[in-house]
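Okay, so here's the structure we're looking at.
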Amino acid sequence: MKITSTSCICPVLVCLCFVQRCYGAAHHGSIKVTRNQTKHVEGETEVHHRPKRGWVWNQFFVLEEHMGPDPQYVGKLHSNSDKGDGSVKYILTGEGAGTIFIIDDTTGDIHSTKSLDREQKTHYVLHAQAIDRRTNKPLEPESEFIIKVQDINDNAPKFTDGPYIVTVPEMSEMGTSVLQVTATDADDPTYGNSARVVYSILQGQPYFSVDPKTGVIRTALHNMDREAREHYSVVIQAKDMAGQVGGLSGSTTVNITLTDVNDNPPRFPQKHYQLYVPESAQVGSAVGKIKANDADTGSNADMKYTIINGDGSGVFSISTDKETREGILSLKKPLNYEKKKSYTLNIEGANTHLDFRFSHLGPFKDVTMLKIIVGDVDEPPLFTMPSYVMEVYENAKIGTTVGTVTAQDPDTANSLVRYFIDHNMEEDRYFTIDASTGTIKTAKIFDREETPWYNITVLVSHVPVGVRILDVNDNPPELAREYDVVVCENAKPGQVIQTITATDKDNSANGARFRFSLDEGLSLNPNFTLRDNEDNTASILTRRRRYSRTTQDIYYLPVLISDGGVPPLSSSSTLTIRVCACERDGRVRTCHAEAFLSSAGLSTGALIAILLCVVILLAIVVLFITLRRSKKEPLIISEEDVRENVVTYDDEGGGEEDTEAFDITALRNPSAAEELKYRRDVRPEVKPVLRHHPSSSLDSIDVQEFIKQRLAEADLDPSVPPYDSLQTYAYEGHRSEAGSISSLDSATTHSDQDYNYLGDWGPEFKKLAELYGEIESERTT
């Protein structure tokens, strides 16, 4: 029972663990811890006595894996305040309270209702308290205690890393450490021997042993040979309870492999070998194999073969195949059965990786003798040369001799050899060969420019023959390409307008030097000339100043080209020269013929501006006419106004009988027109004058007088049309002192004016700048 720090003496609970084992039946569970008590003695003052304190228990124990039908008794809680009358109530709280651990609230007995596993949870922390049933007030402060789960041996040792795979070198000394194995036991190592493990070997003796305490596996024999046995399976057992009877055990397997060391020298299976090699074997080819056996593996079995002596060391060579570890015998020189029929070689095979710990088992090399027998083969005839190169001129006649090939039979002297051409190739049909002499002749006429080289094969022992076709000057030179020659309108005399080159299908021996000239059979060209640059190029030059596209836009210049071959050949080509308008820096502006306005200096933009102005003027005229026509509609609001008859034109009427043409009533009834009529389109600015007419009868008024009267009123009224105005258009302004702009006298006078500034005015004035520029240049010349 834990004594809290808030009270000096906390006699609350009495605990008992394993009462049967500790105190017997008489003391079944009551360990009391009493409180400080005060005795009252008659006649004496009150004295405080400190009682003797017994054992203070702060933990209980319960066995794990309890399988009984009844709950397992754990212990008892008891308070000194408990008089046995049931007035004290015991309360248990904490881990597992009410589920795993239950308490009798009257007696204080604690029981475990479930089977516990220490490997899952080792202890439980709980709190106990005693209260008064009547008042529910605590009689003791709450105390904390622990119930520990008592371990039993219910877990066997386990090897968590097994099974194991390990290696150890062969021929190792006895006691060499191989591996350390470790087994774990989940039982409590602090209680008894449940977790005390002892190791032993069940399988693998007498080759290996294990330390019973540490689990270290060691070799148990000397010189364990991998070549005798390579793999071992060792079974190790771990047993708890220190290996005693009744302990639990677990086992694991350790697979041990012996690794190789170089403890075996190479050995040839035989001391004498014999090899047959035909004399037709090719130089550099493999003619045989030989191998020495080595019981080791990997790099310990690597070896190298060498020829240490023998009469064939200069004819044969040997190399080592690293994959198969075989010696490959190759031919260094050709064999000839007629000269030497056999050879003898001494071949050595030796390890390349030595282990000096086992040098006493050596030497780690072996020697064998190889006899090589040369076999006789019926050999084909051999040509005197490995290949032939012959030459023949192109255009040579059929049957021209190209060359001769010669072959001899090495087996029999002075034997007859016959020659044939392999006709599997297409070009072979151009040649024939004499079967007895080997003379090759042409079968067709050749053109070097079409095919400069032919390859044929002569069948005796398949010798290649190359025939080179020699060049003959049979192709005249010609221009290297089609030239687009352009001359500017403002070109000057002697200006280079194009450089031309030539090409020749013949090789450099027949046409490396070209000569250029104009056709001498034609008259002297007044426009262009040609200059031979003597470097296989020629330059085209102008002869005169100024060219005009409007006069002639294309010129043709015949050019004669000759080569330096024997005999020399020549050809004539015609150059087409176009006249173009150019910028001042020589860049071509256009080569197409333009209209007169364009030649006068008006550009496309200027023409478009002129057209726009014309269109605008036309639109103004149409608008003006439309407005004029719109003014002809009636100007009087009233339809009965007599003036509508006055403004009607080109209407002759139908005579006196036509009563519908005019409304004569208005003329005969002046009072109907007395009301003043105003214009609809113009508001009068002058107030009209009221007209007063003497009253008279309608019958007495004359129509003629009435019309005259109305006409006079209209002439004097400013508010009615027509509206008169005076416009003056004949004003010319004051006279200026400008001189004459005529060019009639300009040819006779010399002006100091500099016209170079005209070139800066833009493309519209380029033609004018060119004209004045030429006039200035003529003056200077």
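Atom-to-atom distance recorded for Ile290:CD1 and Leu275:CG is 9.0 Å, nearest 0.5 angstrom. Here the straight-line distance linking atom CG of Asp376 with atom CG of Leu335 works out to 12.0 Å at 0.5 Å rounding. Here the CG atom belonging to Leu345 is positioned 5.5 Å from the CG atom belonging to Leu370, to the nearest 0.5 angstrom. Atom NE2 of His231 and atom CG of Asn255 lie 9.5 Å apart (nearest 0.5 Å). With values rounded to the nearest 0.5 angstrom, Ser299 atom OG is found 10.0 Å from Asn351 atom CG. Once rounded to the nearest 0.5 Å, the distance linking CZ of Phe268 with CG of Asn293 reads 9.5 Å.
By the 4.5 Å heavy-atom criterion applied to side chains, Lys121 and Val149 are not counted as neighbours. Residues Phe60 and Leu77 form a side-chain contact, since some pair of their non-hydrogen atoms from C-beta on lies under 4.5 Å apart. Counting heavy atoms from C-beta on, the side chains of Ile307 and Leu329 come closer than 4.5 Å. Using a 4.5 Å heavy-atom cutoff, the side chains of Leu248 and Asn155 are not in contact. Side-chain contact between Thr253 and Ser233 is present, with heavy atoms from C-beta onward closer than 4.5 Å. Counting heavy atoms from C-beta outward, Tyr124 and Leu116 have side chains that approach closer than 4.5 Å. No side-chain heavy atom of Glu142 sits under 4.5 Å from any side-chain heavy atom of Ile91. Inter-residue side-chain proximity for Lys239 and Ser200 is flagged as unmet; no heavy-atom pair is nearer than 4.5 Å.
Shown here is Gln282, whose CD atom has no more than 12 heavy atoms of other residues, nucleotides or ligands within 6.0 Å. The environment of CE in Met174 is sparse: at most 12 heavy-atom neighbours from other residues, nucleotides or ligands sit within 6.0 Å. Other residues, nucleotides and ligands contribute more than 12 heavy atoms inside 6.0 Å of the CZ atom of Arg325. For Lys271, the NZ atom is densely surrounded, since the number of other residues' heavy atoms within 6.0 Å is greater than 12.
Among all heavy-atom pairs drawn from Asp263 and Phe364, the shortest one is C-CE2, 4.0 Å. What you find for Thr252 and Gly162 is that their closest heavy atoms are OG1-CA, 3.5 Å. The two residues Ala286 and Ile328 make their nearest non-hydrogen contact at CB-CG2, 3.8 Å. The minimum heavy-atom distance linking Ala130 with Val88 is given by the pair CB-CG1, 3.9 Å. The shortest non-hydrogen separation linking Ala183 to Val197 is CB-CG1, 4.4 Å. A pairwise comparison of heavy atoms in Leu126 and Ala97 identifies CD2-CB, 4.1 Å as the closest pair.
Checked by atom type and distance alone, the side chain of Tyr90 pairs as donor or acceptor with a backbone atom of Ser79 at under 3.5 Å. Checking side-chain atoms of Tyr305 against main-chain N and O of Ala292 turns up a donor-acceptor pair under 3.5 Å. Judged by distance alone, with hydrogens and angles left aside, the side-chain atoms of Asn262 form no donor-acceptor pair with the main-chain N or O of Asp296 at under 3.5 Å. At distances below 3.5 Å, at least one donor-acceptor pair connects side-chain atoms of Thr113 with backbone N or O atoms of Ile100. Without hydrogens or angle criteria, Ser285 side chain to Leu331 main chain gives no donor-acceptor distance under 3.5 Å. Judged by distance alone, the side chain of Glu279 and the main-chain N or O of Val377 form a donor-acceptor pair under 3.5 Å. Looking at Gln129, its side chain never comes within 3.5 Å of a backbone N or O of Pro138 through a donor-acceptor pair. Side chain of Glu144 to backbone of Val125: no donor-acceptor contact under 3.5 angstrom is found.
In this structure Tyr276 satisfies the ring-ring contact (aromatic ring centres under 6.0 Å, His included) test with no other residue, sequence neighbours excluded.
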Note to self: Determine whether Thr324 and Lys291 satisfy the following criterion, side chain to side chain contact (heavy atoms under 4.5 Å, CB included), listing intermediate values before the conclusion.
What the structure shows: CA-CA 9 Å; Thr324 62; Lys291 184 177 182 180; 5.6 Å; no
Next item on the list: With side chain to side chain contact (heavy atoms under 4.5 Å, CB included) as the test, would you mind laying out the steps for Tyr337 and Ile373 before giving the verdict?
Entry: CA-CA 9 Å; Tyr337 174 81; Ile373 298 175; over 6 Å; no
Margin query: Run the side chain to side chain contact (heavy atoms under 4.5 Å, CB included) test on Val178 and Val254 for me, step by step, so that the C-alpha distance in whole Å, both residues' side-chain angles and the decisive distance to 0.1 Å come before the verdict.
Written below: CA-CA 10 Å; Val178 179; Val254 181; 5.7 Å; no
Margin query: Does Arg229 form a side chain to side chain contact (heavy atoms under 4.5 Å, CB included) with Leu258? I'd like the steps, not just the answer.
Written below: CA-CA 8 Å; Arg229 183 177 177 181; Leu258 298 182; 5.8 Å; no
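In this structure, Tyr199 and Phe159 have tilted ring planes: the angle between them lies in the 30° to 60° band.
Under the salt bridge (charged side-chain N to carboxylate O under 4.0 Å, His left out) test applied with Asp311, the options Lys371, Lys341, Lys340 reduce to a single match, Lys340.
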Atom pairs and distances, donor-acceptor, side-chain atoms in residues 215-227, under 3.5 Å, two or more places apart:
residue: Arg218; atom: NH1; partner: Gly175; partner atom: O; Å: 3.4
residue: Thr219; atom: OG1; partner: Glu173; partner atom: O; Å: 2.9
residue: Thr219; atom: OG1; partner: Gly175; partner atom: N; Å: 3.1
residue: Thr219; atom: OG1; partner: Thr176; partner atom: N; Å: 3.0
residue: Asp225; atom: OD1; partner: Glu227; partner atom: N; Å: 3.2
residue: Arg226; atom: NE; partner: Asp260; partner atom: OD1; Å: 3.0
residue: Arg226; atom: NH2; partner: Asp260; partner atom: OD1; Å: 3.4
residue: Arg226; atom: NH2; partner: Ala295; partner atom: O; Å: 3.0
residue: Glu227; atom: OE1; partner: Asn264; partner atom: ND2; Å: 3.3
residue: Glu227; atom: OE2; partner: Asn264; partner atom: ND2; Å: 3.3

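By the 4.0 Å N-to-carboxylate-O rule, Asp355 lies close enough to Arg357 to be salt-bridged with it.
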